[in-house]
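Reviewing the structure listed below.
Small disclaimer: the values here were computed from a predicted structure and weren't measured.
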Amino acid sequence: MGWTISNEKFFAPLKETVSNLKLRATYGLAGNDALGTRFPYLTEVALGNSLNYWYGQDFGQASGPLINVYGNPEATWEKSKKLNVGMDLSLWHELDFSIDYFHEDRSGIFMQRRSIPSTVGFANKLPYANIGKVKNMGVDMSLSYNKVFKKDVTLSLHGSFTYAHNEVVDKDEPSNVEPYYSEIGHPVNSLRGFIAEGLFTSQEEIDNSPVQTLSQYTVGDIKYKDLNGDNKIDGNDVTTIGNPEIPEIIYGFGGTLKWKKWDFSVMFQGAAKVSLMMQDHHPFADAAHQGYNISQAIVDNHWSEANNVATAAYPRLTSNFSENNIQPSTFYLRNAAYLRLKTAEVGYTFAPWLRAYVAGTNLLTFSPFDAWDPEMGSGNGLAYPLQRTVKIGVQFHY
């Protein structure tokens, strides 16, 4: 359901200034039946599995059925309550502005339970249920301006801005989860990892710090923060870090200027409140690859005896795989925000039927992250790069 108010009835006194004004609001209930499995109510049983068992003092193996998926006969679709409030405004027949605020409460998200203790016997085949809740909110705006200044001068400007934020309201977490470890209250696409506190610079510092159980480590390796205070670093010290991998802010702006027979146009696009995790970029060796070369950024600023500083951009170099130094953490977390000159074009019209132009795409990118194109996101940047192109063309009109 929804409603709209236009200026025709309520804003007549502003008619000369406000050429159009519409207020709108909608509220509705929707659903989603795409639950990730086609028949969630069915239990799947695999036959002929080799199973281990204990009987008294004896250990043996037997062949028998094994439940792969526990069906949920109470499964139903996810429900969504949506609210949208917006306004369209036009001023002087030149400026158009639109804004929408949206809010969504999604409940009954079909997901796997995590609070059932292992003593129940489900092992890693925990059942699914409609138990998750997520809220989404944000604002969407657009602005355009069109003006004919003189016979030979025309200007057109436009811009858009979208902010979309979501949070996990409820999910089935174990009852003893520490607040820092919980995913509730954080965006769905949040990055998870350790809090890095720089690099170890002495054996004395290692001896006076919590024990890191991830692998063997020494001076020059990454130091992590003990979040639960048990004086050791393990999987229980992982938390939500940075912004989501999907941008919460997307924006763009540009314009076109026509002067006599010339025309100029540009368009910028950008993203903000977004993070990426540098992964699998390590030289020499990692868990899945061998023989990576070393990047110039690592050559220029890695830990060494001559550069024994906690703030070095990369830990000590080693030809052996170091589990301690490749963990997802704030050490490799980067701000992936960017602003890109997406397109630019200059043209000249010789006649109504003939125009020549020079145009380019992906000409410039401004970002605090420069190891690879930030729009490629997490990883090591070893993917087909975004192409910068420049073209010269002639247009004929019949």
Side-chain angles (χ1 to χ4, degrees), residues 111-120 122-124 126 131-135 165-245 248 273-279 282 286-287 302-303 308-316 318 320-335 378:
M111 60 193 311
Q112 196 170 23
R113 291 191 176 275
R114 298 295 181 186
S115 63
I116 300 176
S118 59
T119 53
V120 175
F122 285 112
N124 62 342
L126 295 174
I131 51 179
K133 293 182 180 180
V134 172
K135 67 177 179 180
H165 175 77
N166 65 65
E167 289 183 11
V168 177
V169 177
D170 192 17
K171 64 180 301 183
D172 198 38
E173 295 182 332
S175 58
N176 61 345
V177 166
E178 297 285 351
Y180 72 85
Y181 193 88
S182 174
E183 297 180 33
I184 294 176
H186 298 287
V188 173
N189 299 295
S190 293
L191 290 164
R192 304 273 294 176
F194 294 95
I195 303 296
E197 297 186 307
L199 304 174
F200 288 111
T201 57
S202 68
Q203 185 60 45
E204 181 182 5
E205 183 181 8
I206 293 177
D207 296 338
N208 294 326
S209 300
V211 177
Q212 303 193 169
T213 64
L214 307 172
S215 72
Q216 293 183 345
Y217 61 102
T218 185
V219 178
D221 288 336
I222 301 176
K223 176 183 179 181
Y224 298 111
K225 187 174 182 179
D226 181 15
L227 296 182
N228 61 355
D230 63 356
N231 206 36
K232 66 178 180 180
I233 306 299
D234 55 21
N236 294 319
D237 295 297
V238 170
T239 188
T240 299
I241 54 179
N243 290 305
E245 290 186 276
E248 292 191 336
K273 289 187 69 65
V274 56
S275 297
L276 64 80
M277 185 70 67
M278 300 179 71
Q279 300 168 332
H282 311 286
D286 62 27
H302 65 273
W303 183 95
N308 186 16
V309 293
T311 56
Y314 195 82
R316 67 184 177 93
T318 172
N320 297 320
F321 176 62
S322 175
E323 190 77 33
N324 184 87
N325 290 342
I326 59 96
Q327 298 295 320
S329 73
T330 55
F331 195 89
Y332 299 116
L333 183 71
R334 298 292 185 270
N335 181 1
S378 298

Minimum heavy-atom separation for [X] and [Y], please, with both atom names.
| X | Y | answer |
| --- | --- | --- |
| Y224 | N325 | OH-CA, 4.3 Å |
| F200 | I222 | CE1-O, 3.7 Å |
| L126 | R114 | CD1-CA, 4.2 Å |
| H165 | P187 | CE1-CG, 3.9 Å |
| T201 | A310 | CG2-N, 3.5 Å |
| F331 | A312 | CZ-O, 3.6 Å |

Do [X] side-chain atoms and [Y] backbone N/O form a donor-acceptor pair below 3.5 Å?
| X | Y | result |
| --- | --- | --- |
| Y180 | L227 | no |
| T330 | L333 | no |
| N189 | E245 | no |

Are [X] and [Y] side-chain neighbours, meaning at least one heavy-atom pair lies under 4.5 Å?
| X | Y | result |
| --- | --- | --- |
| I241 | M277 | yes |
| R192 | Y181 | yes |
| I131 | R113 | yes |
| K135 | K133 | no |

Atom [atom1] of [X] and atom [atom2] of [Y]: how far apart are they, to the nearest 0.5 Å?
| X | Y | atom1 | atom2 | answer |
| --- | --- | --- | --- | --- |
| S209 | K225 | OG | NZ | 13.0 Å |
| E178 | E173 | CD | CD | 11.5 Å |
| L199 | Y314 | CG | OH | 10.5 Å |
| E323 | L214 | CD | CG | 7.5 Å |
| S202 | N308 | OG | CG | 7.5 Å |
| T318 | H282 | OG1 | NE2 | 12.5 Å |

>> Salt bridge check, R316 against D221: does any charged N sit closer than 4.0 Å to a carboxylate O?
In response: yes
> Name the one of I233, D237, D234 that satisfies side-chain contact (heavy atoms from CB on, under 4.5 Å) with T213?
Replying inline: D234
> Considering residues, nucleotides and ligands other than Q203, do more than 12 of their heavy atoms fall under 6.0 Å from its CD?
Replying inline: yes
